[in-house]
Enquirer: 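For reference, the structure I am asking about is given below.
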Amino acid sequence: VEIEKSEVLTILGSSGSGKTTLLRCINFLETPDNGQMLLEGNLLFDATESKQYTDAQIREKRLNFGLVFQSFNLFPQYSVFENVTLAPKLLKKGSVEEIEANARTLIEKVGLTEKSDNYPCQLSGGQQQRVAIARALAMNPDILCFDEPTSALDPELTGEVLKVIKDLRGEGRTMIIVTHEMEFAKNVADKIVFIADGEVAEEGTPEEVFGNPKNQYKHSQNQSGSETVFC
């Protein structure tokens with residue numbers, strides 16, 4: 001699979017097909033059994049050499065990516081502002097003043113300025129997910145990854161998170177999004193990859209995948225909305 005700079009790649013597939021596993025491999029949370037990963041032409045990962053990578057090297061490679069988890073994974077003991085500034089401060093990604101100014105800008109971008117001093121337990125699910133997006137952006141990753149960013153949300157909260165993602169697309173962010181939101185995938189993706197049983201079964205533009213698929217699909221309904229399942 002290839003993704004160009006400023007493209008949005010959406011990964012679809014039924015539950016258990018390997019979508020999240022692929023995303024975790026990309027973010028060095030899992031180690032692939034084989035294959036390579038290149039970023040801007042530079043070899044970032046080679047499965048034949050993976051045992052030689054030190055923990056420090058893996059942490060360094062991971063900084064190329066930002067991951068927004070399905071279940072938010074905010075630090076409950078820290079405020080919104082502290083969640084967004086924690087990692088940049090630990091890794092000294094600029095002066096304290098620069099980091100805090102950037103955090104305020106990002107918190108404003110996701111529409112949570114008035115919640116800056118609140119703790120995760122004081123936020124709705126949609127607000128927590130927007131904090132998670134701001135936290136990932138604070139590290140200025142080359143590629144921003146989302147693991148089903150709306151599946152843990154009530155339908156009325158889904159829209160506010162999808163709006164933030166659409167705004168990021170408008171800024172030219174390179175993103176990989178695992179989602180079950182079919183209409184959202186059609187509207188936001190430059191390229192769609194459909195995974196079935198751990199393999200890429202379909203790949204192309206939204207028009208090609210939904211309008212002229214090479215394989216047959218069936219549709220089913222679940223609590224998170226419409227889900228496309230390979231026959």
Enquirer: Taking C-beta and beyond as the side chain, do E160 and S124 meet within less than 4.5 Å on heavy atoms?
Expert: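 Contact flag for E160/S124 side chains = yes.
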Enquirer: Which residue, L23, N27, I176, forms the side chain to side chain contact (heavy atoms under 4.5 Å, CB included) with D147?
Expert: L23
Enquirer: Answer whether the closest heavy-atom distance between the side chains of K89 and E100 falls below 4.5 Å.
Expert: yes
Enquirer: Which residues pass the side chain to side chain donor-acceptor pair (under 3.5 Å) test with K166, not counting sequence neighbours?
Expert: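 Residues passing side chain to side chain donor-acceptor pair (under 3.5 Å) with K166: none at all.
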Enquirer: Could you check whether any side-chain heavy atom of E82 comes within less than 4.5 Å of a side-chain heavy atom of F75, counting everything from C-beta outward?
Expert: no
Enquirer: Using a 6.0 Å cut-off, check whether atom CD of E49 has over 12 heavy atoms from anything other than its own residue.
Expert: yes
Enquirer: Between L12 and M182, is any pair of side-chain heavy atoms under 4.5 Å apart?
Expert: yes
Enquirer: Can you get from L157 to I177 by hopping between Ile, Leu, Val, Met, Phe, Trp and Tyr side chains that sit under 4.5 Å apart?
Expert: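 Yes, one cluster joins them.
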Enquirer: Are any of the side-chain heavy atoms of F45 and I26 separated by less than 4.5 Å?
Expert: no
Enquirer: Return the minimal non-hydrogen interatomic distance between A136 and L144, and the atom names on each side.
Expert: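 Nearest heavy atoms, A136 then L144: CB-CD1, 3.5 Å.
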Enquirer: How many angstroms lie between SG in C25 and CE in M37, if you round to the nearest 0.5 Å?
Expert: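 Nearest 0.5 Å value for the SG-CE distance: 8.5 Å.
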Enquirer: Are any side-chain N or O atoms of E203 and backbone N or O atoms of V209, one a donor and one an acceptor, separated by less than 3.5 Å?
Expert: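 Absent.
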Enquirer: In terms of hydrophobic clustering (I, L, V, M, F, W, Y; side-chain heavy atoms under 4.5 Å; direct or indirect links), are V178 and F184 co-clustered?
Expert: no
Enquirer: I'd like to know if V1 and I195 are part of one continuous hydrophobic network [Ile/Leu/Val/Met/Phe/Trp/Tyr, side-chain heavy atoms within less than 4.5 Å].
Expert: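 Yes, one cluster joins them.
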Enquirer: Side-chain contact test, heavy atoms from C-beta onward, threshold under 4.5 Å: evaluate it for F146 versus V161 and give yes or no.
Expert: no
Enquirer: State plainly whether the residues K186 and E183 are in salt-bridge range, i.e. N to O under 4.0 Å.
Expert: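 Judged by the 4.0 Å cut-off on N to carboxylate O distance, K186 and E183 do form a salt bridge.
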Enquirer: Would you check if the side chain of E98 reaches a backbone N or O of S95 as a donor-acceptor pair within less than 3.5 Å?
Expert: yes
Enquirer: Out of curiosity, K191 NZ to E2 CD, how far, rounded to the nearest 0.5 Å?
Expert: 6.0 Å
Enquirer: Give a yes or no on whether the backbone of L153 and the side-chain of T150 come within a donor-acceptor separation of less than 3.5 Å.
Expert: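 A pair under 3.5 Å: no.
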Enquirer: Are L39 and I143 packed together at the side-chain level, in the sense that at least one heavy-atom pair is separated by less than 4.5 angstrom?
Expert: yes
Enquirer: When you measure from the side chain of R173 to the backbone of L168, do you find a donor-acceptor pair of N or O atoms at a distance under 3.5 Å?
Expert: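 No, because the side chain of R173 does not come within donor-acceptor range (under 3.5 Å) of the backbone of L168.
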Enquirer: Using a 3.5 Å distance criterion without hydrogens, assess whether the side chain of N83 forms a donor-acceptor pair with backbone atoms of Y78.
Expert: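 Yes, N83 side chain to Y78 backbone: donor-acceptor pair under 3.5 Å.
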Enquirer: Under the 3.5 angstrom rule, does the side chain of K19 hit a backbone N or O of S14 as a donor-acceptor pair?
Expert: yes
Enquirer: Is the count of non-hydrogen atoms from other residues, nucleotides or ligands lying under 6.0 Å from D197 atom CG greater than 12?
Expert: no
Enquirer: To the nearest 0.5 Å, tell me how far I133 CD1 sits from L106 CG.
Expert: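 I133 CD1 to L106 CG: 11.0 Å, rounded to 0.5 Å.
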Enquirer: Is the backbone N or O of K61 less than 3.5 Å from a side-chain atom of N64, with the two atoms forming a donor-acceptor pair by type?
Expert: yes
Enquirer: Check each of I192, T10, D190 against P206 using the side chain to side chain contact (heavy atoms under 4.5 Å, CB included) test, and report the only one that passes.
Expert: I192
Enquirer: When rounded to the nearest 0.5 angstrom, what distance separates SG in C145 from CD1 in I11?
Expert: 8.0 Å
Enquirer: Taking all heavy atoms of E40 and all of K5, pick out the closest pair and write down the distance.
Expert: OE2-NZ, 4.3 Å
Enquirer: Counting distance only, does the side-chain N/O of Q70 pair as donor-acceptor with the main-chain N or O of S151 below 3.5 Å?
Expert: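 It does not hold such a pair.
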Enquirer: When rounded to the nearest 0.5 angstrom, what distance separates CZ in F81 from CD1 in I107?
Expert: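 If I round to the nearest 0.5 Å, the distance is 6.0 Å.
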Enquirer: Are Y53 and L29 connected into the same hydrophobic cluster when the rule is that any two of I, L, V, M, F, W, Y join if their side-chain heavy atoms are below 4.5 Å apart?
Expert: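 The answer is yes; both residues are in one hydrophobic cluster.
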Enquirer: Closer than 4.0 angstrom, basic N to acidic O: yes or no for D55 and R59?
Expert: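 Between R59 and D55 there is no salt bridge, as every charged N stays at least 4.0 Å from the carboxylate O atoms.
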Enquirer: What pairs of residues pass the side-chain hydrogen bond (donor to acceptor under 3.5 Å, both in side chains) test when at least one of them lies in residues 107-123, not counting sequence neighbours?
Expert: K109-E171
Enquirer: Do the ring planes of F28 and F65 sit parallel (below 30°), tilted (30 to 60°) or perpendicular (above 60°)?
Expert: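 Taking F65 first and then F28, their aromatic rings sit tilted (interplane angle of 30° to 60°).
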Enquirer: Mind listing the closest non-hydrogen atom pair of E181 and T179 along with its distance?
Expert: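 Scanning both residues completely, I find the closest heavy atoms to be N-OG1, 2.8 Å.
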Enquirer: Nearest 0.5 Å, please: how far is CG in N73 from CD in Q128?
Expert: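 Output value for this atom pair is 10.5 Å.
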Enquirer: Are T31 and K51 packed together at the side-chain level, in the sense that at least one heavy-atom pair is separated by less than 4.5 angstrom?
Expert: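 No, side chains not in contact.
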Enquirer: Any idea which heavy atoms bring P32 and A47 closest together, and the distance?
Expert: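 Minimum heavy-atom contact is O-CB, 3.9 Å.
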Enquirer: If you compare all heavy atoms of S17 against all heavy atoms of A196, which two are closest, and at what distance to 0.1 Å?
Expert: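 Scanning both residues completely, I find the closest heavy atoms to be CB-CA, 4.2 Å.
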Enquirer: Hydrophobic clusters here meaning ILVMFWY residues chained together by side-chain heavy-atom distances under 4.5 Å, can you tell me if L67 and V188 are in one?
Expert: no
